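Heads up: the structure comes next, in C-alpha coordinates.
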Amino acid sequence: NQFFDSAQFLTFNVDIKYTTDTIFGKYESDRELANYVLNGKSIYYRMGEMEYMQNDSFAITAYNSEKTLIVTKQNVQQASTLFPLKEFSDSALNYFFTSYDVTISDSDDVRVIKFKSDSLNVPFKEFAIYYEPSRFTLAKIEMTFLQAPNSENLPDSNMIAPALINKHISMEFSGYRFIENTDMFKDDQYIYFDRRRKEYSAAGKYEGY
(Lines give C-alpha, C1' and ligand atoms only; values in the text may rest on other atoms or scores of the structure.)
Protein backbone atom coordinates (compact mmCIF):
# COMPACT_ATOMS: atom_id res chain seq x y z
CA ASN A 1 0.00 0.00 0.00
CA GLN A 2 2.76 2.44 0.91
CA PHE A 3 4.57 1.66 -2.36
CA PHE A 4 1.57 2.84 -4.41
CA ASP A 5 0.75 5.82 -2.18
CA SER A 6 4.30 7.20 -2.37
CA ALA A 7 4.85 6.44 -6.08
CA GLN A 8 6.27 9.25 -8.23
CA PHE A 9 6.13 9.20 -12.06
CA LEU A 10 5.40 5.45 -11.98
CA THR A 11 3.54 3.56 -14.68
CA PHE A 12 2.68 -0.15 -14.96
CA ASN A 13 0.22 -2.57 -16.54
CA VAL A 14 -2.41 -4.81 -14.93
CA ASP A 15 -3.94 -7.89 -16.53
CA ILE A 16 -7.27 -8.62 -14.80
CA LYS A 17 -8.94 -12.02 -15.24
CA TYR A 18 -12.28 -13.21 -13.86
CA THR A 19 -13.59 -16.79 -13.94
CA THR A 20 -16.19 -18.90 -12.15
CA ASP A 21 -16.95 -22.55 -11.55
CA THR A 22 -18.72 -24.40 -14.35
CA ILE A 23 -22.40 -24.88 -13.51
CA PHE A 24 -24.55 -27.05 -15.79
CA GLY A 25 -21.97 -26.65 -18.53
CA LYS A 26 -21.85 -22.86 -18.27
CA TYR A 27 -19.40 -20.49 -16.65
CA GLU A 28 -18.45 -16.82 -16.56
CA SER A 29 -15.16 -15.49 -17.87
CA ASP A 30 -13.85 -12.00 -18.53
CA ARG A 31 -10.53 -10.26 -19.05
CA GLU A 32 -9.51 -6.61 -18.95
CA LEU A 33 -6.17 -4.95 -19.56
CA ALA A 34 -5.35 -1.72 -17.75
CA ASN A 35 -2.54 0.82 -17.64
CA TYR A 36 -1.87 2.99 -14.56
CA VAL A 37 0.20 6.12 -13.99
CA LEU A 38 0.74 7.24 -10.37
CA ASN A 39 2.40 10.47 -9.27
CA GLY A 40 1.64 11.31 -5.68
CA LYS A 41 -2.10 12.05 -5.46
CA SER A 42 -2.30 12.39 -9.23
CA ILE A 43 -3.75 9.22 -10.77
CA TYR A 44 -4.41 8.15 -14.33
CA TYR A 45 -5.59 4.80 -15.61
CA ARG A 46 -7.14 3.41 -18.74
CA MET A 47 -9.22 0.24 -18.72
CA GLY A 48 -10.86 -0.76 -21.96
CA GLU A 49 -12.78 2.23 -23.32
CA MET A 50 -12.76 4.05 -19.99
CA GLU A 51 -10.15 6.55 -18.76
CA TYR A 52 -9.82 8.12 -15.32
CA MET A 53 -7.63 11.10 -14.38
CA GLN A 54 -7.27 12.79 -11.01
CA ASN A 55 -5.10 15.81 -10.19
CA ASP A 56 -5.17 18.44 -7.45
CA SER A 57 -8.33 20.03 -8.86
CA PHE A 58 -10.53 17.48 -10.61
CA ALA A 59 -11.39 13.85 -11.14
CA ILE A 60 -12.30 13.26 -14.78
CA THR A 61 -13.77 10.03 -16.14
CA ALA A 62 -13.97 9.60 -19.92
CA TYR A 63 -16.32 6.99 -21.37
CA ASN A 64 -14.93 6.96 -24.88
CA SER A 65 -17.46 4.58 -26.42
CA GLU A 66 -20.27 6.86 -25.21
CA LYS A 67 -18.33 10.09 -25.83
CA THR A 68 -19.06 11.28 -22.31
CA LEU A 69 -16.93 13.09 -19.73
CA ILE A 70 -17.83 13.19 -16.04
CA VAL A 71 -15.99 15.87 -14.07
CA THR A 72 -16.08 16.00 -10.26
CA LYS A 73 -13.89 17.07 -7.39
CA GLN A 74 -10.99 14.77 -6.51
CA ASN A 75 -12.49 11.55 -5.14
CA VAL A 76 -9.69 8.98 -4.71
CA GLN A 77 -7.74 9.84 -1.59
CA GLN A 78 -4.93 7.28 -1.93
CA ALA A 79 -3.63 5.37 -4.94
CA SER A 80 -3.59 2.11 -2.96
CA THR A 81 -7.39 2.20 -2.70
CA LEU A 82 -7.51 1.44 -6.45
CA PHE A 83 -6.54 -2.16 -5.70
CA PRO A 84 -8.23 -4.76 -3.46
CA LEU A 85 -5.11 -5.28 -1.34
CA LYS A 86 -5.89 -2.25 0.82
CA GLU A 87 -9.54 -3.23 1.24
CA PHE A 88 -8.48 -6.73 2.27
CA SER A 89 -5.92 -5.53 4.81
CA ASP A 90 -8.16 -2.78 6.22
CA SER A 91 -11.36 -4.81 6.58
CA ALA A 92 -11.09 -8.56 6.06
CA LEU A 93 -7.94 -8.97 8.12
CA ASN A 94 -9.12 -6.68 10.88
CA TYR A 95 -12.37 -8.60 11.37
CA PHE A 96 -11.57 -12.13 10.24
CA PHE A 97 -7.84 -12.65 10.80
CA THR A 98 -8.35 -15.60 13.15
CA SER A 99 -10.44 -17.34 10.47
CA TYR A 100 -7.52 -17.60 8.01
CA ASP A 101 -4.62 -19.99 7.76
CA VAL A 102 -1.62 -17.97 6.59
CA THR A 103 1.39 -19.32 4.70
CA ILE A 104 4.48 -17.49 3.42
CA SER A 105 6.79 -18.89 0.75
CA ASP A 106 9.63 -17.62 -1.44
CA SER A 107 10.58 -18.57 -5.01
CA ASP A 108 12.34 -16.82 -7.91
CA ASP A 109 12.71 -13.50 -6.05
CA VAL A 110 8.96 -13.42 -5.35
CA ARG A 111 7.40 -13.79 -1.92
CA VAL A 112 3.90 -15.23 -1.67
CA ILE A 113 1.55 -14.66 1.27
CA LYS A 114 -1.59 -16.81 1.11
CA PHE A 115 -4.67 -16.51 3.27
CA LYS A 116 -7.09 -19.46 3.17
CA SER A 117 -10.30 -20.13 5.10
CA ASP A 118 -13.02 -22.77 5.23
CA SER A 119 -15.46 -20.38 6.91
CA LEU A 120 -18.56 -19.24 5.04
CA ASN A 121 -18.54 -15.96 6.96
CA VAL A 122 -15.36 -14.47 5.48
CA PRO A 123 -15.48 -12.21 2.39
CA PHE A 124 -12.74 -14.23 0.61
CA LYS A 125 -12.11 -17.97 0.71
CA GLU A 126 -8.57 -17.38 -0.50
CA PHE A 127 -6.44 -14.27 -0.93
CA ALA A 128 -2.86 -14.44 -2.21
CA ILE A 129 -0.30 -11.66 -2.56
CA TYR A 130 2.75 -12.11 -4.81
CA TYR A 131 5.39 -9.39 -4.50
CA GLU A 132 9.09 -8.61 -4.82
CA PRO A 133 10.29 -8.31 -1.20
CA SER A 134 13.20 -5.95 -1.92
CA ARG A 135 10.99 -3.19 -3.39
CA PHE A 136 7.49 -4.31 -2.32
CA THR A 137 6.29 -4.16 -5.93
CA LEU A 138 3.23 -6.30 -6.51
CA ALA A 139 3.51 -9.11 -9.04
CA LYS A 140 0.03 -10.57 -8.64
CA ILE A 141 -3.07 -10.61 -6.46
CA GLU A 142 -5.42 -13.60 -6.51
CA MET A 143 -8.73 -13.86 -4.69
CA THR A 144 -11.49 -16.46 -4.54
CA PHE A 145 -14.89 -15.76 -3.05
CA LEU A 146 -18.31 -17.42 -2.88
CA GLN A 147 -21.30 -15.90 -4.62
CA ALA A 148 -24.64 -16.97 -6.06
CA PRO A 149 -24.43 -18.13 -9.71
CA ASN A 150 -25.58 -15.85 -12.49
CA SER A 151 -29.22 -16.64 -13.31
CA GLU A 152 -28.26 -16.90 -17.00
CA ASN A 153 -26.18 -19.97 -16.17
CA LEU A 154 -29.07 -21.84 -14.57
CA PRO A 155 -31.01 -24.42 -16.58
CA ASP A 156 -34.68 -24.05 -17.48
CA SER A 157 -35.67 -27.03 -15.39
CA ASN A 158 -36.40 -28.10 -11.84
CA MET A 159 -32.79 -29.05 -11.19
CA ILE A 160 -31.47 -27.51 -7.99
CA ALA A 161 -28.51 -25.20 -8.56
CA PRO A 162 -25.80 -24.84 -5.91
CA ALA A 163 -26.48 -21.96 -3.54
CA LEU A 164 -22.95 -20.57 -3.94
CA ILE A 165 -20.13 -21.03 -6.43
CA ASN A 166 -16.45 -20.10 -6.49
CA LYS A 167 -15.56 -16.91 -8.32
CA HIS A 168 -11.91 -16.12 -8.97
CA ILE A 169 -10.15 -12.85 -9.81
CA SER A 170 -6.46 -12.47 -10.58
CA MET A 171 -4.58 -9.22 -11.20
CA GLU A 172 -1.09 -9.53 -12.70
CA PHE A 173 1.15 -6.46 -12.44
CA SER A 174 3.96 -5.91 -14.95
CA GLY A 175 6.02 -3.33 -16.82
CA TYR A 176 6.94 -1.11 -13.87
CA ARG A 177 8.82 1.90 -15.20
CA PHE A 178 9.24 5.64 -14.66
CA ILE A 179 8.05 8.33 -17.07
CA GLU A 180 8.87 11.99 -17.66
CA ASN A 181 5.78 13.09 -19.61
CA THR A 182 2.88 13.85 -17.26
CA ASP A 183 0.59 15.64 -19.73
CA MET A 184 -2.20 13.20 -18.84
CA PHE A 185 -2.60 15.11 -15.55
CA LYS A 186 -3.21 18.51 -17.15
CA ASP A 187 -6.79 19.84 -17.09
CA ASP A 188 -6.56 21.36 -20.56
CA GLN A 189 -6.01 17.91 -22.06
CA TYR A 190 -9.65 17.16 -21.17
CA ILE A 191 -11.63 20.34 -20.51
CA TYR A 192 -11.48 24.13 -20.78
CA PHE A 193 -13.52 26.87 -19.13
CA ASP A 194 -15.62 28.91 -21.56
CA ARG A 195 -15.72 32.33 -19.88
CA ARG A 196 -18.44 33.60 -22.19
CA ARG A 197 -20.80 30.72 -21.44
CA LYS A 198 -19.41 30.29 -17.91
CA GLU A 199 -19.17 26.53 -18.20
CA TYR A 200 -16.66 23.80 -18.88
CA SER A 201 -16.47 22.09 -22.26
CA ALA A 202 -14.56 19.06 -23.51
CA ALA A 203 -11.20 19.83 -25.12
CA GLY A 204 -8.54 18.23 -27.28
CA LYS A 205 -9.30 14.71 -28.48
CA TYR A 206 -12.43 14.76 -26.29
CA GLU A 207 -13.96 17.72 -28.15
CA GLY A 208 -17.59 16.97 -28.87
CA TYR A 209 -18.03 14.81 -25.74
Side-chain angles (χ1 to χ4, degrees), residues 1-19 28-91 129-132 135-143 150 167-209:
N1 292 331
Q2 188 176 27
F3 170 79
F4 288 126
D5 291 336
S6 62
Q8 301 288 327
F9 307 105
L10 178 71
T11 183
F12 53 92
N13 305 313
V14 183
D15 186 354
I16 306 166
K17 298 175 184 176
Y18 164 75
T19 58
E28 296 175 51
S29 178
D30 196 11
R31 184 182 184 186
E32 199 76 73
L33 301 176
N35 173 254
Y36 288 81
V37 182
L38 307 180
N39 186 32
K41 289 190 175 182
S42 295
I43 296 168
Y44 170 88
Y45 66 86
R46 178 166 190 147
M47 188 178 299
E49 290 299 310
M50 188 270 284
E51 292 176 87
Y52 175 89
M53 188 284 295
Q54 169 183 296
N55 58 21
D56 291 335
S57 303
F58 299 106
I60 301 175
T61 305
Y63 295 97
N64 294 302
S65 60
E66 302 172 10
K67 295 190 178 299
T68 301
L69 284 181
I70 296 178
V71 182
T72 64
K73 293 294 186 181
Q74 185 187 85
N75 60 8
V76 175
Q77 296 303 311
Q78 294 177 300
S80 57
T81 59
L82 296 167
F83 310 108
L85 178 59
K86 184 170 180 60
E87 178 187 352
F88 180 75
S89 60
D90 285 352
S91 58
I129 304 160
Y130 299 71
Y131 70 99
E132 184 184 330
R135 296 188 302 166
F136 296 100
T137 52
L138 273 177
K140 182 166 63 172
I141 298 174
E142 292 183 319
M143 62 201 99
N150 190 319
K167 298 195 173 186
H168 182 80
I169 296 175
S170 70
M171 303 176 68
E172 295 188 34
F173 296 73
S174 64
Y176 287 103
R177 58 198 184 278
F178 295 98
I179 61 170
E180 296 181 1
N181 187 344
T182 56
D183 287 349
M184 73 284 294
F185 297 125
K186 295 180 179 178
D187 296 349
D188 58 12
Q189 298 289 310
Y190 307 86
I191 56 176
Y192 72 95
F193 185 69
D194 188 325
R195 296 185 181 278
R196 182 178 59 83
R197 299 171 61 186
K198 295 184 179 179
E199 66 181 21
Y200 283 96
S201 298
K205 69 176 185 179
Y206 306 98
E207 188 174 354
Y209 279 41

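What you are looking at is a predicted structure, and each value in this text was computed from that prediction instead of being measured. Side chains are part of it too, since the values below use all heavy atoms of this structure and drop only hydrogens, waters and symmetry mates.
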Please identify each residue that fulfils side chain to side chain contact (heavy atoms under 4.5 Å, CB included) with Ile169, with sequence neighbours left out.
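Side chain to side chain contact (heavy atoms under 4.5 Å, CB included) list for Ile169, sorted by chain: Ile16, Tyr18, Met143, Phe145, Met171.
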
Inspect the contact between Asp56 and Lys41 and indicate whether a charged nitrogen and a carboxylate oxygen are less than 4.0 angstrom apart.
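Salt bridge: no.
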
Roughly how far, to the nearest 0.5 Å, is [atom2] of [Y] from [atom1] of [X]?
{"X": "Arg46", "Y": "Met184", "atom1": "CZ", "atom2": "CE", "result": "12.0 Å"}
{"X": "Ile179", "Y": "Tyr44", "atom1": "CD1", "atom2": "OH", "result": "10.5 Å"}
{"X": "Ser42", "Y": "Met53", "atom1": "OG", "atom2": "CE", "result": "8.0 Å"}
{"X": "Asp5", "Y": "Lys86", "atom1": "CG", "atom2": "NZ", "result": "6.5 Å"}

Minimum-distance pair of heavy atoms, taken over all atoms of [X] and [Y]:
{"X": "Asp188", "Y": "Ala203", "result": "O-CB, 3.8 Å"}
{"X": "Arg135", "Y": "Phe3", "result": "O-CD1, 3.7 Å"}
{"X": "Gly208", "Y": "Ala202", "result": "N-CB, 4.5 Å"}

If the plane angle is over 60° it's perpendicular, under 30° parallel, otherwise tilted; pick one for Phe4 and Phe12.
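Tilted.
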
Do other residues, nucleotides or ligands put more than 12 heavy atoms under 6.0 Å from the [atom1] atom of [X]?
{"X": "Glu207", "atom1": "CD", "value": "no"}
{"X": "Arg177", "atom1": "CZ", "value": "yes"}
{"X": "Gln8", "atom1": "CD", "value": "yes"}

Under the criterion ring-ring contact (aromatic ring centres under 6.0 Å, His included), which of Tyr206, Phe58, Tyr190, Tyr192 is the partner of Tyr200?
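Only one of Tyr206, Phe58, Tyr190, Tyr192 forms a ring-ring contact (aromatic ring centres under 6.0 Å, His included) with Tyr200, namely Phe58.
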
Can you name the one residue among Val76, Asn1, Asp90 that meets side chain to side chain contact (heavy atoms under 4.5 Å, CB included) with Thr81?
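Running side chain to side chain contact (heavy atoms under 4.5 Å, CB included) over Val76, Asn1, Asp90 with Thr81 returns exactly one hit, Val76.
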
Please walk me through it: do Asn64 and Tyr209 pass side-chain hydrogen bond (donor to acceptor under 3.5 Å, both in side chains)?
CA-CA 8 Å; Asn64 294 302; Tyr209 279 41; 2.9 Å; yes

Would the Phe173 and Phe83 ring centres measure less than 6.0 Å apart?
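Under 6.0 Å, so yes.
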
